[in-house]
S.K.: 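Sharing a structure below in structure tokens format, with a few things to ask.
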Amino acid sequence: MAQGKMKVKTNFERKPKKAHKPLGPKKGAKVIAPKKAVRIKENNLKSVLQKSINASIERELANKAGTRSLSVVRVESTDADASEKVGNKKQNKKK
């Protein structure tokens, strides 16, 4: 005879499974951060200059785009044109 109580299965919250990271080398340029204080300052200055140059270029392009009037050209086909195209396709298939 079995002695003792039967084991009871308990419901506990399971943690969601984490997504696996892709194997292999990462994409993009490999950059090693500078360790010396002088190089760190140069690197920060370089990034600030890049941001300001990119911002000024974007402002110039926005101004140029805003001053010019953009015209949209639409070509509307009539029902007769559409039916002629369908008719031509059918005749080409028969030949």
Side-chain angles (χ1 to χ4, degrees):
M1 279 179 106
Q3 296 186 5
K5 295 182 181 179
M6 295 205 32
K7 292 184 179 179
V8 179
K9 292 184 179 179
T10 60
N11 292 333
F12 58 92
E13 292 184 25
R14 294 184 180 173
K15 293 181 182 178
K17 293 183 179 180
K18 294 181 182 178
H20 295 288
K21 292 183 180 179
L23 299 176
K26 294 181 181 179
K27 293 182 180 179
K30 310 306 185 245
V31 179
I32 300 172
K35 293 183 181 179
K36 296 183 179 181
V38 175
R39 302 288 182 222
I40 293 172
K41 286 181 182 178
E42 287 177 359
N43 203 9
N44 289 340
L45 179 64
K46 182 180 174 183
S47 64
V48 169
L49 289 174
Q50 277 183 328
K51 289 178 185 177
S52 63
I53 289 170
N54 288 341
S56 66
I57 290 172
E58 287 180 10
R59 269 188 262 122
E60 285 181 22
L61 291 175
N63 288 338
K64 285 182 182 178
T67 57
R68 294 182 182 171
S69 62
L70 300 175
S71 61
V72 179
V73 177
R74 292 184 183 175
V75 177
E76 295 182 11
S77 61
T78 61
D79 292 333
D81 292 338
S83 63
E84 288 177 7
K85 289 180 183 177
V86 172
N88 290 339
K89 286 182 183 179
K90 289 181 182 177
Q91 289 175 357
N92 290 338
K93 286 184 181 180
K94 290 180 182 177
K95 290 181 181 179

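Note that this is a predicted model, so its numbers are computed, not measured.
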S.K.: Sequence neighbours excluded and cut-off under 3.5 Å, please list the side-chain donor-acceptor pairs for residues 26-41, or say none.
M.R.:
| residue | atom | partner | partner atom | Å |
| --- | --- | --- | --- | --- |
| Lys30 | NZ | Lys26 | O | 2.5 |
| Lys30 | NZ | Gly28 | O | 3.0 |
| Arg39 | NH1 | Glu42 | OE1 | 3.3 |

S.K.: Apart from Leu49 itself, what residues make up its hydrophobic cluster, given side-chain heavy atom links below 4.5 Å?
M.R.: Leu45

S.K.: Strictly by side chain to side chain donor-acceptor pair (under 3.5 Å), give each pair with a member in residues 49-58 just once, sequence neighbours left out.
M.R.: none

S.K.: Other than Ile53, what residues sit in its cluster of Ile, Leu, Val, Met, Phe, Trp and Tyr side chains whose heavy atoms are under 4.5 Å apart, directly or through others?
M.R.: Ile57, Leu61

S.K.: Give me the other members of the hydrophobic cluster that Val48 sits in, counting Ile, Leu, Val, Met, Phe, Trp and Tyr linked by side-chain heavy atoms under 4.5 Å, directly or via other members.
M.R.: none

